[in-house]
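Shown next, in structure tokens, is the structure this report addresses.
Each ligand, and each atom within it, is numbered from 1 in the order the structure gives. The basis for the numbers below is simple: all heavy atoms, side chains too, and nothing from hydrogens, waters or symmetry mates.
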Amino acid sequence: MVAVVVFESMFGCTRAVASAIAEGMTSAGLETVVLPVDEALANDDLVARARLLVVGAPTHMRGLSTPRSRALARARGADAEPGLGVHDWLDALPGLQGRAVAVFDTRSWSRFAGSAGSRIEKLLHRRGAELVAPTQAFGVEGGDGGRATISQSQVELARVWGASVAAHVVGAYA
Ligand SMILES: Cc1cc2nc3c(=O)[nH]c(=O)nc-3n(C[C@H](O)[C@H](O)[C@H](O)COP(=O)(O)O)c2cc1C
């Protein structure tokens, strides 16, 4: 049984969270592959075979990133190329009827942060996917002004969340 975690990341926070989630999932008995969006596009067979699909993105402008917001992140010092976002990948994905999915995002701690996760949730729901866990947010530091960083405690939370999501799926197929 294989699971796939698909993410986008400009400053590396969502990448770190995605890796920790995958570690947690693997520790719970679910072999897990982590793919940035562009690699997910190139590995559509792997994505199609996955028992569980976990999707995550940074919150930009209170929702999912756009080419403009990714270019802004780049201008603010992000290492990643503005490339593709989760929205582009979801648009290119065939139907997900009955597929088990879980969603996460990264965002600032602000009350007005908005949520990339709720947007992903809506898009997945529209394609017929079934959410197996409540969407989880991970807080970043310094995100508003530019270069964002993520604390070890949030990375540890990601590991625990990944393990709990995987346990749910492994249990359902036991
Ligand atoms: C253009 C831009 C817009 C952003 N808008 C928001 C926002 O509306 N709400 C929020 O909580 N964080 C916002 N942020 C902070 C990002 O959420 C933060 O950079 C991201 O979580 C870091 O993840 P990454 O390292 O994977 O890119 C924004 C960042 C950028 C660059």
Residue among R15, M10, R147 satisfying side chain to side chain contact (heavy atoms under 4.5 Å, CB included) with D79 = R147
Applying side-chain contact (heavy atoms from CB on, under 4.5 Å), name anything that partners [X], two or more places apart in sequence or on another chain.
| X | answer |
| --- | --- |
| V2 | E31, V33, L46 |
| A57 | E8, L64, V86, A116, I120 |
| T66 | R68, S69 |

State whether the side chain of R127 and the backbone N or O of L96 hold a donor-acceptor pair below 3.5 Å, judged by distance alone.
-> no
Protein neighbours of ligand 1 with a heavy atom under 4.0 Å, given by chain and number, are S9, M10, F11, G12, C13, T14, P58, T59, H60, M61, R62, S69, L72, A73, R76, T106, R107, S108, A113, V140, G143, A148
Say whether I21 and L35 are linked into one hydrophobic cluster, either directly or through other cluster members, by side-chain heavy-atom distances under 4.5 angstrom.
-> no
